Each structure stands twice: as structure tokens, then as C-alpha cells.
Protein chains: 2
Amino acid sequence: MGISERKERQRAELREQILRVAREMVVKEGFSALSMRKLAEAVEYAPATLYLHFENREAIARELCVRGFGELLAALEPGAKVTEPLERLSVMGAAYVKFGLEHPETYRLIFMEDPRLSTELFQGASDGAGPRSFGLLAQVFEDLKSAGRIADTADPGRLAETVWAGLHGIVSLKLTCAAFRTSAEELRETLTETLVHGLPGLKPAR
Amino acid sequence: MGISERKERQRAELREQILRVAREMVVKEGFSALSMRKLAEAVEYAPATLYLHFENREAIARELCVRGFGELLAALEPGAKVTEPLERLSVMGAAYVKFGLEHPETYRLIFMEDPRLSTELFQGASDGAGPRSFGLLAQVFEDLKSAGRIADTADPGRLAETVWAGLHGIVSLKLTCAAFRTSAEELRETLTETLVHGLPGLKPAR
DNA sequence: GTCTATAGGCTGATAGAC
DNA sequence: GTCTATCAGCCTATAGAC
């Protein structure tokens, strides 16, 4: 059965090539610049051929989105190995921000384009990149809690969501608004540092 | 000179009507759904007429954007009157998040569509809505500092940018990703509370 | 499996008549 | 000031030939 296997292989290869080129276009010119016509031209096939491999444009977007989130997860994983939870928070936060700024169009695609895709990715099956990434972050607070280092009324999931939102704010503001003076990394540092220890030298009103 | 005045008035009225209808379209269907043709039809003029009042589509977007930021500023102003800085931070943060969620398309237009517009608004003349809004937030930390309630090494501008980024993260995540369990208001509360006081009951590693 | 050809839309913007 | 008519392009998606 070598022939049908070769055909299958060639089919999969073309599919990969389409995705590779599509990704390149999105990275270079943004998601809205991804058109089936241009994509077809770039892979040197007719537009109609694309529809034999993907149901429509959105299916391509979804696939790119899923892979993009996979890359974000991969960027977070090394930091997740740091033992000390607070240091881990810092390292993972820095990795998150770095990923967002170094892959702006991938980040945009994951979190700033289509609400349906973002939501799907985040709340999909628990072995998906979304839940796994979130789990890595939540683990920080679970570890602190089980070591008795934060109040046992603290809610790790809620703290993790708050941190994620903060990091997302830093990245997305940097991607859409160049007006902030402070660098992303400084903002990230201030965010985590202050979330952990509070305002420096805070005293109550007298 | 009554005649020319009436003409001028009518001209301004049409301009306002165009903006009003444009705003309605953006609010209802998002910015990308704002097309000159549809807009012309909605105001019952020919497409070409719009170009007598606005240079192009972007000019309309910019005007909507500027007004939108004005509304955000107006939403923040009442909270800025609260005397106690930390309470002020809380009230203004809640107002910010509330505005974003209640006017999602306006918020999108200001901060999530065109980087050029966002940047322009934020760093424009210091009497613009951007710098003024930011100033209100920064004042919180300036007040804390001048009252000696935070370390005199603290940087109010940096703290304000961090808080702004955090609030923006909450709003924008809620607008593009429905997967978070925690409500926006709870996230906002956790963010400000934790930024001020640090993690609840934090103890160092032993 | 791949092509050509095309249906059936949409867009911003402008020239020139009235 | 406003219109009609149009330029010059873009798009997704599909039918049917090869």
C-alpha cells in the first residue's frame, strides 16, 4: 500500500505548507492581511485548492491560533521548573511578556482578534495549551498556599487570573499604544513585585 | 449675515448627524462594520457627500475615538474627587472597568483597534483626554508620596502605568476571552487590593 | 486533485453633471 | 452641496472541466 501512503504524505505536506505560508503572512502583515487569494498565490496553487485542505479561512485561522498558543505554552514551560514559587512567578511573567513582544502577531491572533477563538482555546479540553498554561501559573499560588506561605483563605485561581490579566494588559497595551514611558519589562517587574509585596513602604492614613 | 450663519449651522448639524450615526454603527456592529457606503445610506445622503465633511474614513474614526476617550475621562472624573488616595484608586479603577464593559465598542475603538489612534490620544497635548485621565490616576500615587505614605523612592508615574495596564488587561481580556471564571469586578478588586497590600498573609520561604 | 472561470458580494474614493 | 456614475480594486467561495 505504498502508493496511497505517499499520497497521504503529500497531502499532509501541502497542508503543512499552506499553514507555514499562512503563518508567515499573518506574522508579517497581520491577521486581516491573510486572504485566500494571496495565500493561494504564495503557495502556487489555485484558490480553490485551499478549500480541499481547509473548510474555509476561519479553519486556517483556528489552526494557527492553536499552534500559537502551543508556542506560548512552550515559552512558559522552562520557567515553570523554578522551585521557589515567587521566583517562578517572576520568571514566568517575564517569559510571557517576552513572548508577546517578540511574536506580536501570534499574540494578537491568540488574544486580540476573534473572541470565539480565544475563548475556545482557553477553556478547551484540560490538556489543551490554554488550560495547561493557566495551570502552570495557578500552581505558583497553590504551592504558596500548601506551604502555608499565604492565607488559607486565598484563592489561587483568582490570583492567577488577576496576574494573567495584568500581564496581558502590559503586552496588549504595548502592542496597541506606544505612549507608555515605562518599558514592558519594567512594568512586568513592578506588577509582580507590587502584587506580591504591596506598595513600597505603605503606611495607613493618619 | 443670517443666511451664511444658517448655512454654517446646517453644515455643522449634518456633520454631527454623520458622527452620531457612525457611532451608532460602531457601537452596534464594531468598527470594521463602519463603511462609507452604509454610513451614507444611513444618513440618507450619497457616499460622495460624506467626503465634503470628512477627509476620509479614518478622519471619522479619529473623531469618534477622541470623543470616546472624552467619555472615559468623564467616567473617571467623579471618582477623582475622593479624598483618601487608596479609596480613590479603588473607585476610579471600578469606574474604568465599568466603562470598558458597558461601552465595549467604544473601548475597543480607543484601545484595541488602531495603534496610531491609541498612541496619538494617549500622548497628545497635555490637555487632551488621554494625559488628563492618566494624570488623575497618577495623582493617587503622588498624593500618597507627598503624604509620606509610600517610600520616597517610589515612582508615581510608573505605578500609575502599572495599574492602568492591569485595568486594561482586565477589560480587554473580558472583551476578547470569555473563559475567565472570575468576574471583572472581582478581578479589579483583587488587582488593586493586592497591588496595595501584597499577597494576603505572605510569609518568606523558610 | 487541481484547474479555470465566475458568481456575487464588498470596499474607499473621485470626476463631473446639476 | 449634492448627486449619479464609476473607477479600480478587494474578498470568499463554488461549479464544472480536465
Side-chain angles (χ1 to χ4, degrees), chain A residues 1-26 28-65 105 109 113-114 116-117, chain B residues 1-26 28-65 105 109 113-114 116-117:
Chain A
M1 285 295 149
I3 291 177
S4 69
E5 279 166 14
R6 174 184 52 77
K7 283 193 175 172
E8 185 47 47
R9 208 167 50 238
Q10 284 179 339
R11 188 182 161 78
E13 254 168 43
L14 178 50
R15 194 188 146 90
E16 280 307 308
Q17 198 201 339
I18 292 170
L19 283 171
R20 206 163 47 238
V21 173
R23 194 188 130 92
E24 218 170 285
M25 291 175 62
V26 168
K28 274 192 189 134
E29 309 177 69
F31 176 64
S32 62
L34 176 68
S35 90
M36 298 299 267
R37 285 160 115 94
K38 284 196 233 163
L39 179 54
E41 194 174 8
V43 294
E44 297 177 299
Y45 278 86
T49 304
L50 301 182
Y51 290 91
L52 299 173
H53 293 83
F54 294 93
E55 194 193 333
N56 51 29
R57 182 175 178 267
E58 196 183 315
I60 297 180
R62 179 166 31 242
E63 185 74 35
L64 289 179
C65 215
E105 291 303 339
L109 190 58
E113 293 287 353
D114 189 336
R116 292 204 315 283
L117 292 185
Chain B
M1 284 298 146
I3 289 176
S4 69
E5 278 166 16
R6 173 183 53 79
K7 283 192 175 173
E8 184 48 47
R9 207 167 52 237
Q10 284 179 338
R11 188 182 160 77
E13 254 168 42
L14 179 50
R15 194 187 146 91
E16 281 307 308
Q17 198 202 338
I18 292 170
L19 283 171
R20 205 163 49 236
V21 173
R23 194 189 131 89
E24 217 169 287
M25 291 175 62
V26 168
K28 274 194 189 133
E29 308 178 69
F31 177 64
S32 62
L34 177 68
S35 89
M36 297 301 267
R37 287 163 115 95
K38 283 195 236 163
L39 179 54
E41 194 175 7
V43 294
E44 298 177 298
Y45 278 85
T49 304
L50 301 182
Y51 290 90
L52 299 172
H53 296 267
F54 295 93
E55 194 193 332
N56 51 29
R57 182 176 179 267
E58 196 184 316
I60 297 180
R62 180 165 29 243
E63 184 74 34
L64 289 179
C65 215
E105 291 304 338
L109 190 59
E113 293 287 352
D114 188 338
R116 293 203 315 284
L117 292 185

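Letters A, B, ... mirror the listed sequences (proteins, then strands); counts begin at 1. The structure presented is a predicted model; accordingly, all values stated were derived computationally and were not measured. Below, each value reflects all heavy atoms present in this structure, side chains not excepted, and no hydrogens, waters or symmetry copies.
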TODO: May I have the step-by-step check of salt bridge (charged side-chain N to carboxylate O under 4.0 Å, His left out) for A:Glu16 and A:Arg20, ending in yes or no?
DONE: CA-CA 6 Å; A:Glu16 280 307 308; A:Arg20 206 163 47 238; 5.5 Å; no

Take atom [atom1] of [X] and atom [atom2] of [N], then tell me their distance rounded to the nearest Å.
{"X": "B:Ile18", "N": "C:dG12", "atom1": "CD1", "atom2": "C1'", "value": "15 Å"}
{"X": "B:Glu58", "N": "C:dG12", "atom1": "CD", "atom2": "P", "value": "13 Å"}
{"X": "B:Asn56", "N": "C:dT11", "atom1": "CG", "atom2": "P", "value": "16 Å"}
{"X": "B:Glu29", "N": "C:dT11", "atom1": "CD", "atom2": "C1'", "value": "15 Å"}
{"X": "B:Glu13", "N": "D:dG1", "atom1": "CD", "atom2": "C1'", "value": "15 Å"}
{"X": "B:Met36", "N": "C:dT11", "atom1": "CE", "atom2": "C1'", "value": "11 Å"}
{"X": "B:Leu34", "N": "C:dT11", "atom1": "CG", "atom2": "P", "value": "10 Å"}

Task: NZ or CZ of A:Arg57 within 45° of A:Phe31 ring axis and under 6.0 Å - done: yes

- [ ] May I ask you to list the residues of residues 38-55 of chain A, by number, that have any heavy atom positioned under 4.0 Å from an atom of DNA chain D?
- [x] A:Lys38, A:Ala48, A:Tyr51

Open item on the list: Working note: B:Thr49 + B:Val43, criterion side chain to side chain contact (heavy atoms under 4.5 Å, CB included); need CA distance, chi angles, decisive distance, verdict.
Closed with: CA-CA 10 Å; B:Thr49 304; B:Val43 294; over 6 Å; no

Open item on the list: Would you say A:Arg11 places a side-chain N or O within less than 4.0 Å of OP1 or OP2 belonging to C:dG1?
Closed with: yes

Open item on the list: Run the salt bridge (charged side-chain N to carboxylate O under 4.0 Å, His left out) test on B:Arg62 and B:Glu58 for me, step by step, so that the C-alpha distance in whole Å, both residues' side-chain angles and the decisive distance to 0.1 Å come before the verdict.
Closed with: CA-CA 6 Å; B:Arg62 180 165 29 243; B:Glu58 196 184 316; 3.7 Å; yes

Open item on the list: Nearest to the B:Arg37 side chain among D:dG1, C:dG1, C:dG12, which nucleotide is it?
Closed with: C:dG12

Open item on the list: In the structure I gave you, are the side-chain heavy atoms of B:Glu105 and B:Lys28 within less than 4.5 Å of one another anywhere?
Closed with: no

- [ ] Answer yes or no: does atom CD of B:Glu44 have more than 12 heavy-atom neighbours from other residues, nucleotides or ligands under 6.0 Å?
- [x] no

